[in-house]
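Okay, so here's the structure we're looking at.
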Amino acid sequence: MVNKLNDHLENQLRALKLKGIITCFQELSERAVKSSLSYEEYLSLLLEEEIKRKNEGTVKTKINKARFPFLKTLEEFDFNFQPALNQKEIAKLGSLEFIDKKENLLFLGPPGVGKSHLAVALGIKACMAKYRVVFIPAQKLLEELMLSLKEGSLTERLLGYSRLNLLIIDELGYMPVSKEEANLLFQLISLRYEKGSIILTSNYNFDEWGVIFSDHVVAAAIIDRLVHHSRIFYINGASYRLKDRLKKQG
Ligand SMILES: Nc1ncnc2c1ncn2[C@@H]1O[C@H](COP(=O)(O)OP(=O)(O)O)[C@@H](O)[C@H]1O
Ligand SMILES: [Mg+2]
């Protein structure tokens, strides 16, 4: 009898797509009997589980949509290895106030020092807070923008990027940026200026951007908008990728 009722309940819950409740209602109803919970208390516990499950689903979708190249957290970052970084300052970024204030974060420094790791970790935190996030390598972004220009869909593409709460542009400077690409990047950055945050990582300091951009005027205009309302972190430590090799040699 109970089994039949449970089967029926399961079908009803499935019809309503209440997956969180399906997994817990039997256990919770036993607990409710044992602890003499009121109907309201029992219902509240069930709904709590459903909300938890829905939230987890939303965060998972946000993380998938963000297209991170890997998943790493702030907790996994070894600050002892990178003493140039102030742990408290970085941890504070995790409160995501910079997104509310539409500020940019710039992580600059040589390869392997954890620029992308920090960008991903903050991006994941933003997804967990239900912000719309996209992570994209700079080269891919430029290719996409050039293609959209050719196909006549640049406006839609730029609009798509302008709707994000956080756009992470990784590894600017890996390849030189042509005049046309620089113009498109300028349009994108202007569109997001004071409207949404950007996290940008680059192997080059601003005074070296002449190497990246053939057009220095556009480069200066891009830097101007990026840097206004921004926090800049110069990470000049050793490469984490070489850590174990250095240890072996030492
Ligand atoms: N301080 C650190 N603590 C833990 N892992 C780190 C640290 N710095 C870098 N890593 C790891 O080393 C690898 C290279 O880091 P990455 O963020 O890609 O460097 P960058 O973007 O500066 O070239 C990644 O796997 C990253 O997780
Ligand atoms: Mg990187």
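Whatever order the structure lists ligands and atoms in, that order sets their numbers, starting from 1.
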Nearest neighbour in protein (non-hydrogen) for [atom]:
{"atom": "atom 17 (O) of ligand 1", "value": "His117 N, 2.8 Å"}
{"atom": "atom 13 (C) of ligand 1", "value": "Arg241 CG, 4.1 Å"}
{"atom": "atom 8 (N) of ligand 1", "value": "Tyr240 CB, 3.3 Å"}
{"atom": "atom 23 (O) of ligand 1", "value": "Gly112 N, 2.7 Å"}
{"atom": "atom 19 (O) of ligand 1", "value": "Gly114 N, 3.2 Å"}
{"atom": "atom 1 (N) of ligand 1", "value": "Asp78 O, 3.0 Å"}
{"atom": "atom 24 (C) of ligand 1", "value": "Lys72 NZ, 4.0 Å"}

Query raised in the report: Is a side-chain N or O of Ser202 found less than 3.5 angstrom from the main chain of Leu172, in a donor-acceptor match?
Result: yes
Query raised in the report: Is a side-chain donor or acceptor of Glu50 paired with a backbone partner of Ile21 at a separation under 3.5 angstrom?
Result: yes
Query - Side chains of Asp100 and Tyr131, donor plus acceptor under 3.5 Å - result: yes
Query - Straight-line distance of His229 NE2 to Ile198 CD1, nearest 0.5 Å - result: 12.5 Å
Query - Carboxylate-amine/guanidinium contact Glu75 Lys125, below 4.0 Å - result: yes
Query raised in the report: If you measure from the Lys or Arg side-chain nitrogens to the Asp or Glu carboxylate oxygens, is any gap between Lys52 and Glu48 under 4.0 Å?
Result: no
Query - Glu76 and ligand 1 - part of the residue with a heavy-atom distance under 4.0 Å - result: backbone
Query raised in the report: Is the OH atom of Tyr193 crowded by more than 12 outside heavy atoms at less than 6.0 Å?
Result: yes
Query raised in the report: Has Thr201 got an N, O or S atom lying less than 2.8 Å from the Mg ion (ligand 2)?
Result: no
Requested in this report: May I ask whether Val113 places a heavy atom under 4.0 Å from ligand 1?
Outcome: yes
